[in-house]
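Beneath this line is the structure, given in structure tokens, with notes to follow.
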Amino acid sequence: MRELSRSQQIKGLIGWLVLAYLAAAIGAIASVNAAAFYETLQQPAWAPPAWLFGPMWTTLYGLMGIAAWLAWREPGARPALVMFLVQLALNALWSWLYFVWQLGAIAFIGTLVLWALILITLVMFWRLKPLAGVLLAPYLAWVSLACALTWSTWQLNPQILG
């Protein structure tokens with residue numbers, strides 16, 4: 001771990017959490033009517049209820065911010081943090097692709113790319129600080145579900161998500 005004062009550590013943690021939740025806010029703007037839109041779609045039987053998405057994403061963004069902070073404290077973290085920022089940007093974009101622009105195919109491809117970027121980030125974080133990688137595992141699992149759900153809703157609703 002780099003030599004950082006307690007103040008620097010706290011400022012770093014706050015900064016990474018703010019950055020993660022900023023991405024959440026960008027996605028949330030696009031998701032303002034997501035629950036209503038989601039309810040209009042034909043869903044696979046295994047689809048989570050709409051109310052679950054908010055608490056899940058709130059938790060996952062917190063874990064992402066903490067993971068980035070843990071990685072940031074380690075020497076040589078820059079490449080991993082760049083990868084983190086790239087996947088975070090794609091994460092924020094996905095809500096726009098799906099909920100606002102209703103681009104089912106592109107949103108599905110976006111989830112596949114996001115999944116791969118998260119996996120790469122997880123491995124890079126793990127190499128810096130194993131706990132940082134572990135904290136991204138629930139995010140990877142949730143985006144795995146999102147991949148399947150995006151595919152399924154796109155296939156079940158071609159008239160909407162064409």
Hey, what do you get for [atom1] ([X]) to [atom2] ([Y]), rounding to the nearest 0.5 Å?
| X | Y | atom1 | atom2 | answer |
| --- | --- | --- | --- | --- |
| F108 | Q155 | CZ | CD | 8.5 Å |
| L136 | L131 | CG | CG | 10.0 Å |
| L119 | Q87 | CG | CD | 11.5 Å |
| L60 | M56 | CG | CE | 4.5 Å |
| W96 | I106 | CH2 | CD1 | 16.0 Å |
| L128 | L81 | CG | CG | 7.5 Å |

Residue pair S95, V100: steps toward the side-chain contact (heavy atoms from CB on, under 4.5 Å) verdict: CA-CA 7 Å; S95 294; V100 176; over 6 Å; no

Is the closest side-chain heavy-atom distance between [X] and [Y] below 4.5 Å?
| X | Y | answer |
| --- | --- | --- |
| Q9 | L13 | no |
| Y139 | N91 | yes |
| L19 | L85 | yes |
| P44 | T153 | yes |
| L41 | L161 | yes |
| M64 | W16 | no |

Of all heavy-atom pairs between [X] and [Y], which one has the smallest distance, and what is that distance?
| X | Y | answer |
| --- | --- | --- |
| A47 | L149 | CB-CD1, 3.8 Å |
| L17 | G65 | CD2-CA, 4.0 Å |
| E74 | M1 | OE1-N, 3.5 Å |
| I26 | A92 | CG2-CB, 3.9 Å |
| A107 | T150 | C-CG2, 3.9 Å |

side-chain contact (heavy atoms from CB on, under 4.5 Å) between L156 and W151, intermediate numbers included: CA-CA 9 Å; L156 290 170; W151 169 264; over 6 Å; no

With a 6.0 Å cut-off on ring centres, are W57 and Y21 close enough?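 No: the rings miss the under 6.0 Å criterion.
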
Per the side-chain contact (heavy atoms from CB on, under 4.5 Å) rule, which among L88, L122, V123, L117 passes with M83?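 So, applying the side-chain contact (heavy atoms from CB on, under 4.5 Å) to M83 and each of L88, L122, V123, L117, only L117 qualifies.
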
Checking Q43 side chain against Y38 main chain: does a donor-acceptor pair fall under 3.5 Å?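 Checked: pair present.
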
Look only at the side chain of S31 and the backbone of A34, and say whether a donor-acceptor pair between them is shorter than 3.5 Å.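 No; zero donor-acceptor contacts below 3.5 Å.
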
Geometric class of the W94/Y98 ring pair [parallel <30°, tilted 30-60°, perpendicular >60°]: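 Rings of Y98 and W94: parallel, as their planes differ by under 30°.
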
Report the relative orientation of the aromatic rings in F125 and F84; use parallel for angles under 30°, tilted for 30 to 60°, perpendicular for over 60°.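 Aromatic pair F125/F84 classed parallel.
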
CA sep, side-chain torsions, deciding dist, call: L90, V113, side-chain contact (heavy atoms from CB on, under 4.5 Å): CA-CA 8 Å; L90 180 55; V113 173; 3.7 Å; yes

Candidate pair W72 and L4, rule side-chain contact (heavy atoms from CB on, under 4.5 Å), full reasoning: CA-CA 11 Å; W72 167 78; L4 298 168; 3.8 Å; yes

